[in-house]
Amino acid sequence: MVLDMDERKLKILQAIIQNYMETGEPVGSRTISKYTDLNLSSATIRNEMSDLEDMGYIIQPHTSAGRIPSDKGYRFYVDMMLEKKDREVDEIKELFVEKTDKLENVLKQVAKLLAENTNYTTLVSKPRYQHKKVKFTQINQVSDSQLLVVVVLEGNIVKNKFVNYVEPFTEEMLPQINFLINTALAGLDLTEMNMALIHKMKEQAGQYADIVGLVLDAIASAVVEEDDYGMITSGATNILKYPELSDKEKATRLLTTLEEKATLSNWINAGEEDEEHRIQIYIGDESPVEAMKDCSVVTATYHIEDGVYGKIGIVGPKRMDYEKVVGTLEHTMKQLDDIFKKKS
């Protein structure tokens, strides 16, 4: 911050620049008095504008005309804007360096920032696991008839599932079941689990075959379950800002669709993991979601590590600012890459 730039001058300078960028016309004191929340008289604003002119931030192109920004004024404004963006990036980085179990909070913050920066609706899917390799499984007894199955996947992703069992079992049975499950599944991609493997494990389990079968079902269910509905949305009401999407029928369909997490997740996450971030743009009828036929959707993929990825989508009108949206997504992907690489 420039030492001789107090808050009042700063707000007036920002108002002059923003107004001039919008209208292309020199800006006078009366316009500024309405444009800012300073509640200052035109005379006071004229004095401040005179100081800003002496400081070289604004110029008066013609006698009796309003002021326009100078190159120095534009530079000051751009530097301020970049500093603000850097602070936003730093806020995201601070969130990401916290424990893995706070990842969902981070993704919510990313969704919120993107919605605010673009003025559109943002969709962020929680991480999916292309390989789903098991690192470790721990089975704990909760009660006489219930077990807690904890599955740790590659990337230290933890899944929990309760298993109810009607037959009595004792705590002494658990070490044997844990040993059998871990011996068979450790390092295994769950997509490779087949009936032959399950049959073999049940044979090895002997009298514990039924429990092992239930535990295997729980493991498969825990891994798949969250993938189907892991979708975060932000800025849903932003779509109401655009007349072509704001009539009652279209708005109701869109808002209802944004609440259908499974539908959105299945579409956004369709296909295999992209090796690159590969921006994809769906315009109007290209969207497989009926309620979004009047919209455009821009998506990109983020990577936590090999085989662990998610997607971000931005929904807006077909006249959306594609250049801004694509640029914002590319910038976000680079920042996420940087953060995850530092964590790994």
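We use all heavy atoms of the structure for the numbers below, so side chains are in, but hydrogens, waters and symmetry mates are not.
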Can you give each donor-acceptor pair under 3.5 Å made by side-chain atoms of residues 231-239, sequence neighbours left out, with the distance rounded to 0.1 Å?
residue: Thr233; atom: OG1; partner: Lys261; partner atom: NZ; Å: 3.4
residue: Asn238; atom: OD1; partner: Lys241; partner atom: NZ; Å: 3.3
residue: Asn238; atom: ND2; partner: Ala115; partner atom: O; Å: 3.4
residue: Asn238; atom: ND2; partner: Tyr120; partner atom: O; Å: 2.9

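Applying the salt bridge (Lys or Arg N to Asp or Glu O under 4.0 Å) definition to pairs two or more places apart or across chains, those involving residues 58-70 are Glu53-Arg67. Among residue pairs with one or both ends in residues 203-215, none qualify as salt bridge (Lys or Arg N to Asp or Glu O under 4.0 Å); sequence neighbours excluded. The stretch residues 11-33 participates, sequence neighbours left out, in no ring pair (Phe, Tyr, Trp, His ring centres under 6.0 Å) pair at all. Sorted by first and then second residue, the pairs that involve residues 281-294 and meet salt bridge (Lys or Arg N to Asp or Glu O under 4.0 Å), not counting sequence neighbours, are Lys250-Asp294. Screening residues 316-327 for salt bridge (Lys or Arg N to Asp or Glu O under 4.0 Å), with sequence neighbours left out, gives Glu244-Arg319.
Checking side-chain atoms of Asn19 against main-chain N and O of Ala15 turns up no donor-acceptor pair under 3.5 Å. Within the 3.5 Å criterion, the main-chain N or O of Tyr57 finds a donor-acceptor partner in the side chain of Ser70.
Checked for salt-bridge contact, Glu7 and Lys11 meet the test: a charged N lies under 4.0 Å from a carboxylate O.
For the pair Ala209 and Lys202, the tightest heavy-atom approach, listed with the atom from each and the gap, is CB-O, 3.5 Å. The minimum heavy-atom distance between Leu245 and Gly316, with the atom names listed, is CD1-C, 4.2 Å. Nearest heavy atoms, Leu240 versus Ala251: CD2-CB, 3.5 Å. For the pair Ser125 and Leu107, the tightest heavy-atom approach, listed with the atom from each and the gap, is O-CD1, 4.1 Å.
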- prompt: Can you check side chain to side chain contact (heavy atoms under 4.5 Å, CB included) on Val124 and Tyr302, steps first, answer last?
  reply: CA-CA 10 Å; Val124 179; Tyr302 69 86; 4.3 Å; yes

Test side chain to side chain contact (heavy atoms under 4.5 Å, CB included) applied to Thr31 and Glu25, step by step: CA-CA 11 Å; Thr31 300; Glu25 299 291 334; over 6 Å; no

task: Dump the intermediate steps for side chain to side chain contact (heavy atoms under 4.5 Å, CB included) on Val289 and Val297, then the final yes or no.
output: CA-CA 11 Å; Val289 180; Val297 184; over 6 Å; no

message: The test is side chain to side chain contact (heavy atoms under 4.5 Å, CB included); show your working for Tyr242 and Met320 and say whether it passes.
response: CA-CA 10 Å; Tyr242 304 96; Met320 72 159 53; over 6 Å; no

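With contacts defined as side-chain heavy-atom distances shorter than 4.5 Å, the pair Cys295/Ser287 does not qualify. Side-chain contact check for Ile32 versus Leu40: every heavy-atom pair is 4.5 Å or farther apart.
Take Thr256 and apply the side-chain contact (heavy atoms from CB on, under 4.5 Å) test, not counting sequence neighbours, and it matches Thr252, Glu260. By the side chain to side chain donor-acceptor pair (under 3.5 Å) test, Ser296 is found to be paired with Tyr322, residues two or more places apart in sequence or in another chain being considered. Residues meeting the side-chain contact (heavy atoms from CB on, under 4.5 Å) test with Asn164, sequence neighbours left out: Gln146. Annotation: side-chain contact (heavy atoms from CB on, under 4.5 Å) contacts of Ser41 (sequence neighbours excluded): Ala43, Thr44. For Arg46, there are no salt bridge (Lys or Arg N to Asp or Glu O under 4.0 Å) partners, not counting sequence neighbours. Asp217 meets the side-chain contact (heavy atoms from CB on, under 4.5 Å) test with no other residue; sequence neighbours excluded.
From Ile181, atom CD1 reaches atom CD of Gln204 across 10.0 Å, with rounding to the nearest 0.5 Å. To the nearest 0.5 Å, the span separating CG on Leu185 from OG1 on Thr137 amounts to 5.5 Å. Atoms CD and CG, from Glu259 and Leu255 in turn, are 7.0 Å apart once rounded to the nearest 0.5 Å. One finds the CG atom of Asp6 at 6.0 Å from the CD atom of Glu48 (value rounded to the nearest 0.5 Å). Atom CD of residue Gln280 and atom OG1 of residue Thr301 lie 7.0 Å apart, to the nearest 0.5 angstrom. Between the CG atom of Leu52 and the CD1 atom of Ile59 there is a distance of 13.0 Å, given to the nearest 0.5 Å.
Within 6.0 Å of NZ on Lys72 lie more than 12 heavy atoms contributed by other residues, nucleotides or ligands. Environment of CG in Asp247: crowded, with over 12 heavy atoms of neighbouring residues, nucleotides or ligands closer than 6.0 Å.
When each of Ile312, Thr299, Thr118 is tested with Leu329 by the rule side chain to side chain contact (heavy atoms under 4.5 Å, CB included), just one qualifies, namely Ile312.
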